[in-house]
Number of protein chains: 2
Amino acid sequence: MNIGEVAERSGLPPKTIRYYEDIGLVRPQRSGNGYRAFRESDLHKLAFLGRARALGFSIEDCRTLLDLYEDEGRESAQVKAIAEEHLAVIDDKIAQLQSMRGTLAHLVRSCHGDDRPDCPILSDLSGSGSRS
Amino acid sequence: MNIGEVAERSGLPPKTIRYYEDIGLVRPQRSGNGYRAFRESDLHKLAFLGRARALGFSIEDCRTLLDLYEDEGRESAQVKAIAEEHLAVIDDKIAQLQSMRGTLAHLVRSCHGDDRPDCPILSDLSGSGSRS
DNA sequence: CTTGAGCTTCCAGTTACTGGAAGCCCTATA
DNA sequence: TATAGGGCTTCCAGTAACTGGAAGCTCAAG
């Protein structure tokens, strides 16, 4: 398989696939003409990576997960630990975004948004300590 | 004021303040010894930036907001538009994270997490189409 | 006069790609 | 057979917003 087909079947752009090879996540063979020659197992790995990335795992987490996937003697506890840690990170991010969202939504609501210059959003940013 | 005091009073690290000067967000004067000499107005700007960044505004948004803040003839509608756009971005991010969170939490719950190798998390990532 | 903290600049690294340029390879068609 | 195109290759640079670290100047205290 050439990279184009793998890209289509895995849903990853060719650039990303080449990048994943650069950083050692996949090791496709090469044809005589220099083209990458992907096996089904490479495609499988790339699809795995695509799903893991879609769940927000970092590249390094993905590398570890892939290693565990290929390690018949793994302990599922190791996988679960990574997932739980990642879940905690996601929860932190959500909490932070919701906090921002709260403040920002309040400010947006309080701004009349017309042609006049006075603006509670800017007042707040400039430090008028009116925390409601 | 030297950078150390400004850092303390604004809550921004010195490195960040120098970076903000590099990209033209603040323009402190210089003392004879080459040290940056910040005025109160610079400190005020930096605090403004700190708050805007804490709300998740991009640096370019911050630049625009700062310009609007200093423009006496601004229309509050311009500010509100930026804030609303940013709010929409935040909402998208939250939605995406919550979607990840849902899938991931489900997977974590379904993994026994012991010394055995079988793991629903890896099964899912590897593409066993068991979407429950 | 020395010591140490604080300041300076500059370079490199972070994350995970993405865009673009220059150029080879392969196939189909005129 | 010549050529046009699309796909493939590598390499370099850029993204966002800093952060770490090195080398070296400045200043105040003892």
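In what follows, every chain begins at residue 1, and chains take the letters A, B, ... in the order their sequences are listed.
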Round to the nearest Å and state the distance from A:L12 atom CG to C:dA16 atom C1'. 12 Å
Atom-pair distance (CD on A:E8; P on D:dG7), nearest Å: 11 Å
Distance check: side-chain N/O of B:Y20 vs OP1/OP2 of D:dC18, anything under 4.0 Å? yes
Atom CG of A:L25 and atom P of C:dT15: how far apart are they, to the nearest Å? 13 Å
Would you mind telling me which of D:dT10, C:dG19, D:dT19 lies closest to the side-chain atoms of A:R18? D:dT10
Proximal nucleotide (of C:dC26, D:dC18, C:dC7) relative to the A:N33 side chain: C:dC26
Here's a test of your reading of the structure: between A:P13 and B:E5, which maps to the more 5' nucleotide of DNA chain C? B:E5
Have a look at A:I23 and say if it touches a base, only the backbone sugar-phosphate, or nothing, with a 4.0 Å heavy-atom cut-off. nothing
Rounded to the nearest 0.5 Å, what separates atom CG in B:N2 from atom OG in B:S31? 6.0 Å
Measure from CD on A:E60 to P on C:dG13 and round the result to the nearest Å. 16 Å
Expressed in angstrom and rounded to an integer, what is the separation of A:N2 atom CG from C:dC26 atom P? 10 Å
Quick check on D:dT19: is either OP1 or OP2 less than 4.0 Å from any side-chain nitrogen or oxygen of B:T16? yes
Please give, in whole Å, the distance from D:dG7 C1' to A:R30 CZ? 14 Å
Does the side chain of B:H106 come under 3.5 Å of the side chain of B:D124 through a donor N or O and an acceptor N or O? no
Testing C:dG6, D:dC8, D:dC18 for proximity to the side chain of B:Y35, the answer is C:dG6
Per atom distances to the B:Y19 side chain, the nearest of D:dC18, D:dC8, C:dG20 is D:dC18
Spacing of B:K15 atom NZ relative to C:dT8 atom P, expressed in whole Å: 11 Å
What's the separation between atom OH in B:Y19 and atom CG in B:L25, rounded to the nearest 0.5 Å? 8.0 Å
To the nearest angstrom, the CZ-P distance between B:F57 and D:dA17 comes to 13 Å
Under 4.0 Å between a side-chain N/O of A:R36 and OP1 or OP2 of D:dT9, yes or no? yes
Closest of D:dA17, C:dC7, D:dG21 to the B:R53 side chain is D:dA17
Which word best sums up how the rings of A:H44 and A:Y69 line up, parallel for under 30°, tilted for 30 to 60°, or perpendicular for over 60°? parallel
Spacing of A:Q29 atom CD and A:D42 atom CG [to the nearest 0.5 Å]: 7.5 Å
